[in-house]
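Data block below; observations after.
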Amino acid sequence: MIKVGETFPSGKVPLTKQVQLEDVFLANPSRFDGVADMCRLSELSAPCLLHNLVVRFRAGLIYTYTGPLLISINPFQPIAGLYDDSTMSSYRGSNVSEKDPHVFAAAESALQSLFRDKMDQSIVISGESGAGKTEAAKSIMRYLAFWNMESGDGTGGDRSSEDEGGEKSMERVFLQTNPLTEAFGNAKTIRNDNSSRFGKFIRIHVTKSHRISEAYIEHYLLEKSRVTHQAEGERNYHIFYQLCAGAGEDMLAVLKLSAASAHKFSRQGKCLSIPGVDDSADFRTTKNALSSVGIPPTAQEGIWRILAGILHLGDIEFGALKDGSGTMNDGAEDVACRVLGLEPADARTALCQRKIKAGLEVLQVPKSRMEAILSRDAVSRALYTRLFDWLLERINEVLSAQVSGSSSSSSVGCIGLLDIFGFEILEENGFEQLCINYANEKLQRYFNDQMLSSEQEEYAAEEVEWVRVDYEDNLSVLELLEGKPEGILPILDDQCLFATATDSSFLQVLSKKHASSKDFTQPKLKHTSFLVKHSAGSVEYLVLGFLDKNKDQLYSDLTELLASSRVSIIKDMFSPSSSSSSSSSSKSRQMGRQLGSKASQHISVSAKFREQLQQLMKTLARTRPTFVRCIKPNAAKAPLLLHAGMVDHQLRCSGVYAAVKIAQAGYPSRISFLDFATRYRMLVRGSHVKTLEEAREQSRSILLDFCSDSSLYQLGKHKIFMKGGVLARLEE
Ligand SMILES: Nc1ncnc2c1ncn2[C@@H]1O[C@H](COP(=O)(O)OP(=O)(O)OP(=O)(O)O)[C@@H](O)[C@H]1O
């Protein structure tokens, strides 16, 4: 049975015109069973749109269109048949406008548009944490791979012969990247048992014969702090639990590992398992996936050593000597060193002492206990993030070179799939949340530009009769975050250049510069946080750790220590001559460069992230986007439960209400007078037209003859703007 709770908003979230949902239920015929495209509703108030979504959700229909935008409401439980092979087949090559809304339809229409218009496409998936973005992205990846496998041109045959010949087919390798990115990049959080703690943009190149020729995964901002600290109820990255649960006795003995409950870095969140998840079985899946993407056994052993080494590092206890300096006091460092291939004496020196240059002399100065702990944590985080970067590099190498004989030159174009971490408001928000929420503001801006702003600007420029639809833009909050030189992130970078700057001096500068900003406040009586009014709500950020996290420096003695490892994968990751990026294939490097990858250059975390986002926006601007907006219907992750207030808030903040109004009143088809008059002149036995005025007149007479309802089109200055279906009728 489908439960729909709190269907009527409590009034905490104001609805348009203060109409309550009950009124809509009463005003609507009781047998109203929802429409697949909300543009077809006659009343577009928020309660009506919500009502439509609720009715469909009750019936297990989680997807709904609002014009070109696909809304997806997370059912938190599998829906029978929704993603099976026959459903996929039914979308392949179909007229998607006649099919039920679905992520498969979004993928199919992107493919069709790619082939028809020879223009790169993108599918932009957004929504808050736990809204279903990653699941949507995986379904789309499966669809693209399935399309390739099923193509009736002999490709399917090619695939099986490849498999028999021992070579893995591209779609297999492509899909095998999912368990890997999830094992190493996802973790259980309070909001989502399988939360992506990084963002990704996958470029998928498609050939004329509908094959995926190559792909590249660009990744953004892995959450490093999770490696050494997890909040209560959360876990470290899945792979740590998989390793502890799934490694056999021999492997555990080599790695000197115990259960996850025995290691500090995996037990801090007091959450060791996830209901319904078998870490041991998932470990087998991860190992198979590593082999599938061509990671050889020696490198796999290196990976397990890094993970086990991190867990052992976490178990090192530091004591304080009388003078306050740190010392290791329980021998756990010996275990960590053996697993990581380090000399214990060198590790002790690097973790507990600091090199200081005094003239020509280099002195070793003892670190305090706290400094030693911070060094240990920095080493652990650096090991994990370099491992993640290394893994993605290997994946990209294999994705860019998999199909023999195919290359990007044979690809017709590319579909970009964006699955980026959703907007976050936690109990305590820090530097990571600021970066995540900044990325979401950038995406919101992109959505506003594409769906709300440029559409209306074109009507105005073409002098089409149009009643402007207002919406809340987010320019001022973006300026507050990134504007140069006084935005929060540029100020942070600036502060990081001063040796004497601290988190509090950063906060003081912010408060002074933004005292009058409408989107910024500093809570009274608090000198540790600031508040930003984001599009999706106000967020209070604690400044503690901002400078260190943004600098993200691993002191040279710690880098040298890791570069001295006898484990070759660790040595490679940290020695200056052989960074992970330098060992990647030239093709994968080239694709990385296209996306502005700057792995080898040391710039601040926020500067690198801003540059990556800038590149992403440029890449998206060259594509035709399809938007998928994922909605989280309840905070409890309960199956088929929908809180209307929560859904209303997400629809409002993300501009969906404004988008549906524009889409309904708007004219999705547009064509120049010249093209129109030429293509359809046979209908009126018209002549060849030469001037704009002749083309306009001939177009007008075609429409008068063949489209009796004049509300279905408008003539602009250079183009005809038409409602959906007009062109199709003319074509008939
Ligand atoms: N279409 C679906 N059908 C059934 N369950 C789903 C669907 N989409 C999502 N879920 C459930 O919701 C959970 C969260 O979804 P998902 O991980 O895709 O969210 P997300 O938006 O990517 O979150 P985050 O930003 O935290 O990574 C999934 O693990 C799954 O249990």
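Scope of the values below: all heavy atoms of this structure, side chains included, with no hydrogens, waters or symmetry mates. Indexing begins at 1, ligand by ligand and atom by atom, following the structure's order. We count residues from 1, following the sequence as given.
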### Query
Considering only heavy atoms, which of G130, A137, C630 lies nearest to atom 23 (O) of ligand 1?
G130
### Task
Kindly confirm or rule out an N or O of F421 lying under 3.5 angstrom from an N or O of ligand 1.
no
### Query
Got an N/O contact under 3.5 Å between D419 and ligand 1?
no
### Query
Are the aromatic rings of F240 and Y384 close, with centres under 6.0 Å apart?
yes
With distance as the sole criterion, is a donor-acceptor pair present between the side chains of [X] and [Y] under 3.5 Å?
X    : Y    : answer
E214 : S400 : no
Q433 : Y541 : no
S113 : Q121 : yes
D473 : N448 : no

Using a strict cut-off of 4.0 Å, indicate which atoms of ligand 1 neighbour a heavy atom of [X].
X    : result
S195 : 24 (P), 26 (O), 27 (O)
N194 : 17 (O)
G422 : 25 (O)

### Query
How are the rings of F627 and Y446 set relative to one another: parallel (under 30°), tilted (30 to 60°) or perpendicular (over 60°)?
tilted
### Message
Using 30° and 60° as the class boundaries, would you call the ring planes of Y63 and Y83 parallel, tilted or perpendicular?
### Response
perpendicular
Which heavy atom of the protein is the closest neighbour of [atom], given with residue, atom name and distance?
atom                    : value
atom 25 (O) of ligand 1 : K133 NZ, 2.8 Å
atom 15 (O) of ligand 1 : G132 CA, 3.6 Å
atom 27 (O) of ligand 1 : S196 N, 2.8 Å
atom 10 (N) of ligand 1 : N74 OD1, 3.0 Å
atom 17 (O) of ligand 1 : N192 ND2, 3.1 Å
atom 28 (C) of ligand 1 : E135 CG, 3.9 Å
atom 1 (N) of ligand 1  : Y83 OH, 2.8 Å

### Task
Begin from the C-alpha positions of F198 and F421 and carry the test ring pair (Phe, Tyr, Trp, His ring centres under 6.0 Å) through to its verdict.
CA-CA 6 Å; F198 68 107; F421 19 55; 8.0 Å; no
### Message
Tell me which one of T286, N194, D193 satisfies side chain to side chain donor-acceptor pair (under 3.5 Å) with H238.
### Response
N194
Is it the side chain, the backbone, both or neither of [X] that has a heavy atom closer than 4.0 Å to ligand 1?
X    : result
P75  : side chain
Q77  : backbone
E128 : backbone

### Message
Below 4.0 angstrom, counting only protein heavy atoms, does anything approach atom 31 (O) of ligand 1?
### Response
no
### Query
Closest heavy-atom contact between F174 and A145?
CD2-CB, 4.4 Å
### Pairing of K138 and E182 as salt bridge, 4.0 angstrom limit
yes
